[in-house]
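Numbers restart at 1 for each chain; the letters A, B, ... are given by sequence-line order, proteins then strands. Treat the numbers as computed from the prediction; the structure is a model and nothing was measured.
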There are 2 protein chains.
Amino acid sequence: MNIGDVSKRCGLPPKTIRYYEDIGLITPQRDTNGYRAFDLGDMHKLAFLGRARALGFTIEDCRTLLALWEDQDRASADVRAIAKDHLTRIETKIADLQEMRDTLATLVRDCAGDQRPDCPILKTLESSGPAQADAAGNRGA
Amino acid sequence: MNIGDVSKRCGLPPKTIRYYEDIGLITPQRDTNGYRAFDLGDMHKLAFLGRARALGFTIEDCRTLLALWEDQDRASADVRAIAKDHLTRIETKIADLQEMRDTLATLVRDCAGDQRPDCPILKTLESSGPAQADAAGNRGA
DNA sequence: ATGGGGCTTCCATCAACTGGAAGGTCAAGA
DNA sequence: TCTTGACCTTCCAGTTGATGGAAGCCCCAT
């Protein structure tokens, strides 16, 4: 299978597939012409990666999960630990976003949104306690 | 005021403040020794930026908001439009994350997490519909 | 042989910083 | 006066996870 076929089958763009090879998540064979020659194993790995990414796992998580998947002697505890950590991260993120949303919703509700310059949104940004401490925690997200 | 003072006062790291100057959000004066010399105006802008960023506005949103803030003849409608768009983006993101969370929570709940290799998490990643279409929408977030 | 797709590599770009190196400046203490 | 240490400066690189685009093969059909 060429990269285009695999792409269609697993739903990942060719660029992404090449990138995954680049960072060592897959290692497809090569044809004599230099084209990547994917087998079913590669395909399944890519599909696995696509699903894991869709669940928000980081690439490094994916790398570990893939290794565990391949390891017949794995302990499900290891898999579960990764998923649980990730779940926690997601829940934190949701909470942060909900806080933002609540604040923003209030501001948007209270803003007339007309021709006049008076604006509670700007007023809040102008002064409402210390600016720091990124409530979003999305600096590194 | 030197950068360290401003940093303490507005809660943004010096690196971030320098970066904001770099991308033209602020333009502090310089002392004869080359040190940045911040006035209260700069300070307030930085505090404004810190709060806007904490609410999750992008840098470009911040740039616009800052300009509107400075413009006494602004229409609050313009501010409100930016905030409303941002609110929508956040709500979409929350919904995406909640979907991930629900799926993950189920998987974590159903995984024994012991020494045995059987694992519903891996089983799901192995095969559960097409991989594509990143439900998280966090490719460009 | 030529045209159009598909494939290859490599380099740049996105957001929003952050880390670190190499070096100048300043105030306080011995 | 010298030194020490905390500041400050600039510049370059790296982070995450791709994506866009250029330049150039390859292959098949007409």
Side-chain angles (χ1 to χ4, degrees), chain A residues 1-26 28-38 46 49-64 66 86 89 93 131-141, chain B residues 1-26 28-38 42 46 49-66 86 89 93 131-141:
Chain A
M1 269 184 298
N2 281 348
I3 201 167
D5 309 317
V6 183
S7 170
K8 260 161 236 149
R9 286 230 240 164
C10 76
L12 295 171
K15 279 267 182 190
T16 302
I17 296 173
R18 287 194 199 100
Y19 172 66
Y20 286 174
E21 183 187 11
D22 237 44
I23 62 175
L25 288 177
I26 51 165
Q29 301 288 113
R30 294 290 180 138
D31 275 343
T32 47
N33 60 10
Y35 286 20
R36 288 168 184 82
F38 297 87
L46 286 168
L49 289 168
R51 291 189 201 99
R53 290 289 300 131
L55 282 178
F57 286 105
T58 65
I59 290 286
E60 287 318 304
D61 280 348
C62 288
R63 197 188 295 281
T64 311
L66 206 50
H86 180 44
R89 285 197 300 273
K93 211 164 180 176
Q132 81 260 23
D134 179 18
N138 63 354
R139 292 275 204 261
Chain B
M1 266 185 299
N2 281 348
I3 202 167
D5 309 317
V6 183
S7 171
K8 259 163 236 147
R9 285 232 242 162
C10 76
L12 295 171
K15 279 266 181 189
T16 300
I17 297 173
R18 288 192 198 103
Y19 172 66
Y20 286 173
E21 182 187 11
D22 237 44
I23 62 175
L25 288 176
I26 51 165
Q29 301 289 112
R30 294 291 180 139
D31 276 343
T32 47
N33 60 8
Y35 285 22
R36 289 170 185 81
F38 298 86
D42 297 319
L46 287 168
L49 289 169
R51 290 189 202 100
R53 289 289 302 129
L55 281 178
F57 286 105
T58 65
I59 289 286
E60 286 319 304
D61 279 347
C62 288
R63 197 188 296 280
T64 310
L65 288 170
L66 205 50
H86 179 44
R89 285 197 299 273
K93 211 162 177 177
Q132 81 261 25
D134 180 16
N138 63 353
R139 293 275 204 259

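Annotation: ring pair (Phe, Tyr, Trp, His ring centres under 6.0 Å) contacts of Tyr35(B) (sequence neighbours excluded): none.
Comparing Tyr19(B) and Tyr35(B) by the nucleotide of DNA chain C that holds the closest heavy atom to each, the one mapping nearer the 5' end is Tyr19(B). Position along DNA chain D of the nearest nucleotide to Pro14(B) versus Thr32(A) favours Pro14(B) as the more 5'-ward residue.
Closest to the side chain of Asn33(B), out of dT10(D), dT25(C), dG6(C), is dT25(C). Side-chain atoms of Ile59(B) lie closest to dA16(C) of the nucleotides dT10(D), dA16(C), dT8(C). Here the side chain of Arg53(B) is nearest to one of dA16(C), dT10(D), dG17(D), namely dA16(C). Here dT19(D) is the nucleotide among dC17(C), dT25(C), dT19(D) with the atom lying nearest to any side-chain atom of Pro13(A). If you check dC27(D), dG19(C), dG17(D) against the side chain of Lys15(B), the one that comes closest is dG19(C). Candidate nucleotides dC7(C), dA16(C), dG17(D) were compared by shortest atom distance to the side chain of Thr58(B), and dA16(C) ranks first. Considering only the side chain of Tyr20(A), dA18(D) comes nearest among dA18(D), dT25(C), dC7(C).
A distance-only check finds a donor-acceptor pair linking the side chain of Arg63(A) to the backbone of Ile23(A) [under 3.5 Å]. The main-chain N or O of Asp61(A) is never found under 3.5 Å from a side-chain atom of His86(A) such that the two would form a donor-acceptor pair.
dC17(C) atom C1' lies 16 Å from atom CD of Glu21(B), rounded to whole Å. Between Asp31(A) atom CG and dC25(D) atom C1' the separation is 14 Å, expressed in whole Å. Following rounding to the nearest Å, Ile3(A) (CD1) and dC27(D) (P) show an atom-to-atom distance of 17 Å. The CG-C1' distance, from Asp5(B) to dC7(D), rounds to 10 Å in whole Å. One can place CD of Gln29(A) at 18 Å from P of dC7(C), the figure rounded to the nearest angstrom. The separation between Leu12(B) atom CG and dC17(C) atom P is 8 Å, rounded to whole Å. Look at CG on Asn2(B): it is 19 Å from P on dG24(C), rounded to the nearest Å. We find that CG of Asp22(A) is positioned 15 Å from P of dT16(D), with the value rounded to whole Å.
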Under the criterion side-chain contact (heavy atoms from CB on, under 4.5 Å), I'd like the reasoning laid out for Phe38(A) against Asp5(A): C-alpha separation, chi angles, the key distance, then a yes or no. CA-CA 9 Å; Phe38(A) 297 87; Asp5(A) 309 317; over 6 Å; no

Show, in sequence, the C-alpha distance, side-chain angles and deciding distance for Arg51(B) and Phe57(B), and conclude whether the side-chain contact (heavy atoms from CB on, under 4.5 Å) test is met. CA-CA 9 Å; Arg51(B) 290 189 202 100; Phe57(B) 286 105; over 6 Å; no

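OP1 or OP2 of dT9(D) sits under 4.0 Å from a side-chain N or O of Arg36(B). For Arg30(B) and dT25(C), the shortest distance from a side-chain N or O to OP1 or OP2 is not below 4.0 Å. Thr16(A) has a side-chain polar atom (N or O) that falls below the 4.0 Å cut-off from OP1 or OP2 of dT19(D).
The existence of a salt bridge linking Glu21(A) and Arg30(A) is confirmed by a sub-4.0 Å separation between a basic side-chain nitrogen and an acidic carboxylate oxygen.
Taking a 6.0 Å sphere around CZ of Arg9(A), one finds it holds 12 or fewer heavy atoms contributed by other residues, nucleotides or ligands.
Annotation: the span from Leu25(B) atom CG to Ile17(B) atom CD1 amounts to 12.0 Å, rounded to 0.5 Å.
In the helix from dA1(C)-dT30(D) to dA30(C)-dT1(D), the terminal helix axes, each the rotation mapping four pairs' C1' atoms onto the next four within five end pairs, subtend 30°, rounded to 10°.
Within the nucleic acid shown, Ile23(A) has no heavy atom closer than 4.0 Å to any nucleic acid atom. Contacts of Arg18(A) with the nucleic acid, taken as non-hydrogen atoms under 4.0 Å apart, include base atoms.
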